[in-house]
Each structure stands twice: as structure tokens, then as C-alpha cells.
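As C-alpha cells, the structure follows; a few thoughts come after it.
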Amino acid sequence: MRPRWSANVRGAGPEARGRQGGAARGRAGDAAGATGDAAIVTAQLAVRRPFDGAGLAAWFAHRAVPGVEEVRGLRWTRALRLQHGPAVLQVDLGAEGPLPLRVHLADLRDHAVAISLARRLLDLDADPAGIDAGLATARPALGDLVDHRPGVRLPGLPSIAEALLWAITGQQITTAQARDQITRATDLLGTPLPASLHVDGVRRLPVDPGIAAAHAEEWFRGPRIRCMTLQTAVRTATDPDAGIDASLPLDELRTRLLALRGIGPWSADYVLLRAVRAVDVAPARDVALLAAARDLGIAQDHASLEAALAAASPWRSYAAMQLWHHQAQLRAPEQPAGRGRSRTDRDAPVRDLSEGHLP
């Protein structure tokens, strides 16, 4: 008889069946963990309504690296690296009540962390009624967006290092181009999942940010100074002695991010929004935010946009998400990867190149 286990974690009542696999992480090209049976944990994730599951699904789908993350309808599946081994989360974002979660684990010791991480990645502890009311009061145009899309959430990433990898790679190019770059890094340096952890089309782990940074010259196509930023900033974020820690107060963490070579205000705020659920940041000089604001008559330039978003404090991150969702509906189909900007002078000064990023 297979072992049975149950517990309660933050509004989720999980039940696990199966036996534990190994905890070892494989090297690039080798299957991570053991090849035995996976432990499967099911849970019902409590969520405050309204909940914009469709918005989260669209966001994740647009950035999904093939084999690592997948969205089918409103069912989201994502591979993760956890302390004792790999895991795969699967959540029905379209459920009417609590969100059904199914976690495939190489090691059952990671069950509580996996459930907690799922809650953070989906921003399930937000207060949507209070946030939406605050946005509607701040600006009439934001109120119209809230009426159209209530319960917007902040789409998370598992770590600061992974958020930096995406932020730096995506500076001054489209999301599709950034996704293609990360996909190329994953193809080159990624780790397959053991067969017991294959779920639908998810068959491999996300590329390790530190390894991707160390080998940036092999996969990154863009300005050399940005490649250097990947090599230094992302690798620093993976160093436990560097002090880039999600437990720090936000102001201190932002200061430490800005101290990294090549990281400016946009990149720092994007990382805070996605990696540590900072609820009151608005990435500076973001062209997608400005395009949406112009369409809605909120602002005509970056300075007036910053002033307009200040009125949405302490919920500026959610105002930014509303504008990004609006811009996603406005923009034309993106150009294929490889049509971005050409390489810059190798001796150009290192600076934050984020203006022009298109979430």
C-alpha cells in the first residue's frame, strides 16, 4: 500500500500519495532527481475574490519557456527547483471556488514550500476588494480598468535571480524576444525532469540563473554591456554572501539591487514586483505603461505618468499591472526574435537599458 499523508498549509488541505523520489539535482543534460515514483500532493488553495485568473494565465502563457511552463486554457503548469529536488505545480486558474493545486514532487519534504510558493506566484494573499477600491478612487481611468478586469494579481517568479535574468535579458526588446533568449539558454544549459515528474508538456526545469549568467556569451544575443550585466548581477544575486535577500526590507533590497553593475530603477522595480511581491512600485520609464496611459488619457510622457501613478499608492504595482494588461490588448503582433537592436559599442558605459522593454 502506498503511504498516505495529510496536513493543512495556509488555507490548503493537501493529501499526498506515492513514495519519495531522490533529492539530488542533476547537472545540465542529466535528469534532475531520482527516476522513482513522484510524490503527488493535492490541495485547495484559498483565494479572495474577485480573482483575475485569466489575466495570470495570459501573462504566464506569453512568457512560457517550452517544456518548463505551459498554459492550456486556464490550467497553468510550471516546473520548479526546490530545496530537496525538482517539482511541478499545476493549478486550475479558472476554478470558481478554491483553486485546485496538484504538485508532483521528487521529495515529499518540499510539500509545504511548494504550496506556499504556489500561493506567492499567484499572489493569492492579496486583498483584491481593497486594492480595486483604491485604484478606482485614485484615477477614474483606473476605475474603468478595474471594472473591466477586477481582481488583478501580481504574477510572481520563484527567485530574485530568476527575475533579474528576465529583467536584464528583456531590456529594450519585446517579451517574445526575451522568451526566445531564455529558451535558448534553457536548450543549452537546462536540466530534464525525471519521467515521473513529466506533466503534460512540462519536461524540464527552468535554467539555473547562475549557470545561465556564467554562460551568457553562449546564448545571449544583444549588446555586450548587457551580457556583462547578466554575468555580474545575476551571479551576484545567486551568491548567498552577497546580501541580495528577499527577506530584507524593500527599501534596503532596492538599494542593493541598484548597487549592482548595470541595474537601474526599472530593472530593480521589475525584480521587486515579480520576485518579492512589492505592491507599491511602478517600473520607471516603461514604454508599455506609457503607451497604455496615453491611450487612456492618463499621461502623455514619463514624468506625468510617474505623477499619475503616485496617486495610486500604496497599490502602484497593481495599477502597473492594469496598464500592462491594457497595453497587451492594444499592441500589434510582435516581431519574430532576432529583429531587435544591433550590438552596441563594446566600450559603451554600463547603464540601465530598460526603457523600451515591452511586458
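Here the structure is a predicted model, which means the values were calculated and not measured.
Panel note: side chain Asp52, backbone Gly151; no donor-acceptor pair is recorded below 3.5 Å. Using modelled atom types, no side-chain atom of Arg75 and backbone atom of Asp92 make a donor-acceptor pair closer than 3.5 Å. A donor-acceptor contact shorter than 3.5 Å is absent between the side chain of Ser304 and the backbone of Ala299. A donor-acceptor pair under 3.5 Å is absent between the side-chain atoms of Gln231 and the main chain of Ala214, judged by distance alone. Between the Gln181 side chain and the Arg221 main chain, a donor and an acceptor come within less than 3.5 Å of each other. Panel note: side chain His198, backbone Leu193; a donor-acceptor pair is recorded below 3.5 Å.
Ion pairing of Asp125 with Arg119 is present here, as a side-chain N (NZ or NE/NH1/NH2) and a carboxylate O approach within less than 4.0 Å. Salt-bridge formation is not detected for the pair Arg274/Asp269: no Lys NZ or Arg NE/NH1/NH2 atom is positioned less than 4.0 Å from an Asp or Glu carboxylate oxygen.
Between Leu253 and Leu272 the shortest side-chain heavy-atom distance falls below 4.5 Å. Within the 4.5 Å cutoff, the side chain of Leu105 has heavy atoms near those of the Leu108 side chain. Side-chain contact between Asp295 and Gln327 is absent, with no heavy-atom pair separated by less than 4.5 Å. With a 4.5 Å cut-off on side-chain heavy atoms, Pro192 and Arg203 do not count as touching. Counting heavy atoms from C-beta on, the side chains of Val47 and Arg153 come closer than 4.5 Å. Val65 places none of its side-chain heavy atoms less than 4.5 Å from the side chain of Val207. Considering only heavy atoms from C-beta on, Val281 stays 4.5 Å or farther from Arg316 through its side chain. You'll find the side chain of Leu188 reaches within 4.5 Å of the side chain of Glu218, heavy atoms only.
For the residue pair Asp107 / Gln83, no side-chain donor-acceptor distance below 3.5 Å is found, with atom types taken as modelled.
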Please output the side-chain donor-acceptor pairs of residues 307-315 that fall under 3.5 Å, not counting sequence neighbours, one pair per line with the distance.
from   : atom 1 : to     : atom 2 : distance (Å)
Ser313 : OG     : Asp280 : OD1    : 3.3
Ser313 : OG     : Asp280 : OD2    : 2.8

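In this structure, the separation between OG1 on Thr169 and CZ on Arg226 is 9.0 Å, given to the nearest 0.5 Å. From Leu117, atom CG reaches atom CG of Leu89 across 6.5 Å, with rounding to the nearest 0.5 Å. In this structure, the separation between CG on Leu122 and CG on Leu45 is 7.5 Å, given to the nearest 0.5 Å. The structure places CG of Leu230 at 11.5 Å from CD1 of Ile225, a figure rounded to the nearest 0.5 Å. Taken to the nearest 0.5 Å, the NE2 atom of His326 stands 8.0 Å off from the CD1 atom of Ile298.
The 12-atom threshold is exceeded at CG of Asp147, counting heavy atoms of other residues, nucleotides or ligands nearer than 6.0 Å.
Screening Asp245, Thr236, Leu248 for a side-chain contact (heavy atoms from CB on, under 4.5 Å) involving Arg256 leaves a single residue, Leu248.
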Legend entry - Trace of the side-chain hydrogen bond (donor to acceptor under 3.5 Å, both in side chains) decision for Gln90 with Thr77: CA-CA 4 Å; Gln90 187 169 76; Thr77 308; 2.8 Å; yes
Inset, instruction - Check the pair Arg254, Glu252 against salt bridge (charged side-chain N to carboxylate O under 4.0 Å, His left out), reporting the backbone distance first and the verdict last. - result: CA-CA 5 Å; Arg254 187 175 191 271; Glu252 183 176 350; over 6 Å; no
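Residues satisfying the salt bridge (Lys or Arg N to Asp or Glu O under 4.0 Å) criterion with Arg277, sequence neighbours excluded, are Asp123. Not counting sequence neighbours, Arg235 has no partner by the salt bridge (Lys or Arg N to Asp or Glu O under 4.0 Å) test. Evaluation of the side chain to side chain donor-acceptor pair (under 3.5 Å) rule for Glu162 yields Arg78 as partners, not counting sequence neighbours. Listed by chain and residue number, Trp76 satisfy the side chain to side chain donor-acceptor pair (under 3.5 Å) test with Glu69 (two or more places apart in sequence, or in another chain).
No chain of hydrophobic side-chain contacts below 4.5 Å, direct or via other Ile, Leu, Val, Met, Phe, Trp or Tyr residues, connects Val271 to Leu258.
The stretch residues 301-315 participates, sequence neighbours left out, in no salt bridge (Lys or Arg N to Asp or Glu O under 4.0 Å) pair at all.
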